[in-house]
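Let me begin by presenting the structure, written as structure tokens, before commenting on it.
Each residue takes its place number in the sequence, starting with 1. Side chains included, hydrogens not; waters and symmetry mates left out as well; all remaining heavy atoms used.
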Amino acid sequence: MITLKRITFLRVVLGREVERKFCALMASTMVNGGHSVEEEEKKNVTVGGGVEDLYGEDSATEDQLITPWTVSVASGYTLLRDPHHNKGLAFTEKEKDAHYLRGLLPPAIFTQELQEKKLMNILRQYKVPLQRYMAMMDLQERNEKLFYKLLIENVEELLPVVYTPTVGEACQKYGSIFRRPQGLYISLKEKGKILEVLKNWPERNIQVIVVTDGERILGLGDLGCQGMGIPVGKLSLYTALGGLRPSACLPVTIDVGTNNEQLLNDEFYIGLKQKRATGKEYAELLDEFMTAVKQNYGEKVLVQFEDFANHNAFELLTKYSPTHLVFNDDIQGTASVVLAGLLAALNLVGGTLADHKFLFLGAGEAGTGIAELIALEISKQIKGPIEETRKKIWLVDSKGLIVSSRKESLQHFKKPWAHEHEPVKGLLDAVKAIKPTVLIGSSGVGKTFTKEVVEAMASFNEKPLILALSNPTSQSECTAEEAYTWSKGRAIFASGSPFDPVEYNGKVFVPGQANNAYIFPGFGLGLIMSGAIRVHDDLLLAASEALAAQVKQENFDKGLIYPPFSNIRKISAYIAAKVAAKAYELGLSSRLPRPKDLVQHAESCMYSPVYRCYR
């Protein structure tokens, strides 16, 4: 047993690194009855998308006994405070005796199902969404399996709680509600030591890292270090919706300061109280991080960039795409989910994608990312050059319609969208001039799809397709009720944040949600289970087509262009299979041989939150 005295001696006499190696060695020899981790890895089959099953959970069936320890302990008190293995009141009488739990729990025994019922009753009594968010985060920190069981089986109800729109408010108040760290914080203070910081994380077999620098959190702007709520939320969805094991996920916040004066003057702000580092200092820190990630976790770890400001988002994606497995959800994930909605909507509006004309409000990373993927899909369908297909797509930014006469003053990522046209200032004038069939909002500015704009869209389209994508709900370009009312019930509408069904003229309209959570969990699973080493645009197209294929006629009958979230795990498995198939086809996969049934393989890789029986 590793005693406190022995660890203290190691720390004082031999130093921290020797202490770390000794504790790791002692821990590894206690796994599964004294076998070393290395021996266990040799015995284990590859499961869970390729992560070695150190705890023996996934290589065992659900009715087989497992050992809930990585180190020997003398009291069950530790077990009750280990979120990976704690079962609350579900420990059996035999388990209480075997693991020194007698007297540490009340006598009643609750099944996992009864625990779930109890917690959902409690959650539904909270009137404030942030209270529900905090209750869910508390649950995740004390009982991981129950947290994911709750989220998986009540996904439509709890998704808005653990992610948008509630996560936006949580990030704004993160300093006040902060209790325990849930990921790694890498600040300018750690420059030169990032590899050592990564080794401080207790899990070794990381498959997905979600990283933010907090500069553009949803539509809320620079929240600095408090942006950690985003990586934590995204990775919860990777597990709940995509089936990745929680131990394989690592949330990271890169803290280079903040330009938010309110935070800088807040005595409870948890990050660096300085202006944001830029230029060489910023680039060097990010480069050290990306190098350390590959060195510590290998070539196939997926790094997902999240909520970086436009100028850094494009630069980081361009810089690291050739050398790392990287994915930007704001650029590529949003694009993929929107393209899926457009492909599905063709069943309602008719024609092909090439028959339509698109107008965007917002020319940042989301808007240009969506536009580029639409152009790629049209190019693929008509077998024409992308330079031509881009001409079907128009963008409006804060200065008006992006046209060729503005090209010299445009940022590089906007230049491909500068077409020949006379200058147009406002959105309404752009709608009247371009006459689009599809209007897409990615501006981050609420209430910009006005009554006049929606009525103009409805004046020359029988079924105008209107996507108000900005998050959170307060930043949505219009509400579902406004879109249906102003178009006299003819609009096909979807939004980034959820809206309730709307009744208009005796008919109930169910608005769809163009939520990235449809795409990134399955997309990530597909990359991991195939051992992909790079992300290619064709993989994004494959994910979009896979999601569009999951929309059934019963969904179309309600005006929906996305499938219900209640089937999200099956949808994610299907998307993962299509992404993996494309990766194998393009020669990007390293996990061989290719499984015969990729959908079945994806489902078999998924993490199960069901309680296990302990020896």
Stepwise side chain to side chain contact (heavy atoms under 4.5 Å, CB included) test for Ile209 and Val301:
CA-CA 7 Å; Ile209 295 171; Val301 63; 4.1 Å; yes

Going through the checks in order, is the side chain to side chain contact (heavy atoms under 4.5 Å, CB included) test met by Val502 and Val508?
CA-CA 6 Å; Val502 175; Val508 176; over 6 Å; no

Given the rule in the side chain to side chain contact (heavy atoms under 4.5 Å, CB included) test, do Arg594 and Leu598 qualify, once you have shown the distances and angles that lead to the verdict?
CA-CA 8 Å; Arg594 168 181 167 159; Leu598 286 168; 3.5 Å; yes

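- Using modelled atom types and a 3.5 Å distance limit, the side chains of Ser443 and Glu477 yield a donor-acceptor pair.
- Side-chain atoms of Tyr163 and Asn516 include no donor-acceptor pair closer than 3.5 Å.
- Residues Phe91 and Ile109 are not in side-chain contact: their nearest non-hydrogen atoms beyond the backbone lie 4.5 Å or more apart.
- Within the structure, no pair that satisfies the salt bridge (charged side-chain N to carboxylate O under 4.0 Å, His left out) test touches residues 520-533, not counting sequence neighbours.
- Here Gln304 pairs with Tyr238, Glu306 under the side chain to side chain donor-acceptor pair (under 3.5 Å) rule; sequence neighbours left out.
- Below 30°, between 30° and 60°, or above 60°: for His356 and Phe358 the angle between ring planes is between 30° and 60°, a tilted geometry.
- With salt bridges taken as basic N to acidic carboxylate O contacts below 4.0 Å, one links Glu545 and Lys380.
- Pro160 is linked by a side chain to side chain contact (heavy atoms under 4.5 Å, CB included) to Pro165, Pro498, counting only residues two or more places apart in sequence or in another chain.
- Looking at Gln140 and Gln182, their side chains come closer than 4.5 Å, going by heavy atoms from C-beta outward.
- Side-chain contact check for Ser476 versus Ser470: every heavy-atom pair is 4.5 Å or farther apart.
- Every residue two or more places apart in sequence or in another chain that forms a side chain to side chain contact (heavy atoms under 4.5 Å, CB included) with Ser474 is listed here: Pro472.
- If you look at Tyr484 and Tyr504, their ring centroids are not closer than 6.0 Å.
- Within the structure, every pair that satisfies the ring-ring contact (aromatic ring centres under 6.0 Å, His included) test and touches residues 565-596, not counting sequence neighbours, is listed here: Tyr518-Phe565.
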Can you give each donor-acceptor pair under 3.5 Å made by side-chain atoms of residues 130-138, sequence neighbours left out, with the distance rounded to 0.1 Å?
residue: Arg132; atom: NE; partner: Leu123; partner atom: O; Å: 3.1
residue: Arg132; atom: NE; partner: Tyr126; partner atom: O; Å: 3.2
residue: Arg132; atom: NH2; partner: Tyr126; partner atom: O; Å: 2.7
residue: Asp138; atom: OD1; partner: Arg179; partner atom: NH1; Å: 3.1
residue: Asp138; atom: OD2; partner: Arg179; partner atom: NH1; Å: 2.7

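- No more than 12 heavy atoms of other residues, nucleotides or ligands sit less than 6.0 Å from atom NZ of Lys578.
- For Glu603, the CD atom counts as densely surrounded, since its 6.0 Å shell holds more than 12 non-hydrogen atoms of other residues, nucleotides or ligands.
- A side-chain donor-acceptor contact under 3.5 Å links Asn154 to the backbone of Leu150.
- Aromatic pair Phe327/Phe305: ring centres not closer than 6.0 Å.
- The backbone N or O of Gln332 sits nowhere less than 3.5 Å from a side-chain atom of Ser336 that would complete a donor-acceptor pair.
- To the nearest 0.5 Å, the span separating OH on Tyr611 from OG1 on Thr92 amounts to 13.0 Å.
- Listed by first then second residue, pairs satisfying salt bridge (charged side-chain N to carboxylate O under 4.0 Å, His left out) with a partner in residues 523-541 read Glu299-Arg534, not counting sequence neighbours.
- The side-chain hydrogen bond (donor to acceptor under 3.5 Å, both in side chains) contacts involving residues 557-570 comprise Gln553-Asp557, where partners must be two or more places apart or lie in separate chains.
- Rounding to the nearest 0.5 angstrom, the gap separating the CD atom in Glu377 from the CD1 atom in Ile382 is 11.0 Å.
- Atoms CG and OG, from Leu469 and Ser495 in turn, are 8.0 Å apart once rounded to the nearest 0.5 Å.
- Ser589 contributes no side-chain N or O that, together with a main-chain N or O of Ala532, makes up a donor-acceptor pair within less than 3.5 Å.
- Taking the side chain as every heavy atom from C-beta outward, Phe493 and Ile561 never approach each other to under 4.5 Å.
- The OH atom of Tyr297 lies 14.0 Å from the CG atom of Leu302; values are rounded to the nearest 0.5 Å.
- Taking the side chain to side chain contact (heavy atoms under 4.5 Å, CB included) definition, one finds that Ala240 meets it with Tyr148, Leu151, Ile152, sequence neighbours left out.
- Applying the side chain to side chain contact (heavy atoms under 4.5 Å, CB included) rule to Ala375 yields the partners Ile386, Thr389, Arg390, Ile393, Trp417; only residues at least two apart in sequence or on another chain are considered.
- Here salt bridge (charged side-chain N to carboxylate O under 4.0 Å, His left out) pairs that include residues 148-160, with residues two or more places apart or in two chains, are Glu113-Lys149, Glu116-Lys149, Arg124-Glu157, Lys149-Glu153.
- Judged purely by distance below 3.5 Å, without hydrogens or angles, the side chains of Asn461 and Thr437 never pair a donor atom with an acceptor atom.
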Intermediate values then yes/no, side chain to side chain contact (heavy atoms under 4.5 Å, CB included), Asn86 and Leu146:
CA-CA 9 Å; Asn86 179 28; Leu146 186 56; over 6 Å; no

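- Among residues at least two apart or in separate chains, there is no salt bridge (charged side-chain N to carboxylate O under 4.0 Å, His left out) pair with a member in residues 494-504.
- The distance from the CG atom of Leu348 to the NZ atom of Lys463 is 5.5 Å, given to the nearest 0.5 Å.
- Under 3.5 Å, the side chains of Thr253 and Thr212 contain no donor-acceptor pair of N or O atoms.
- To the nearest 0.5 Å, atoms SG (Cys613) and CG (Leu65) are separated by 6.5 Å.
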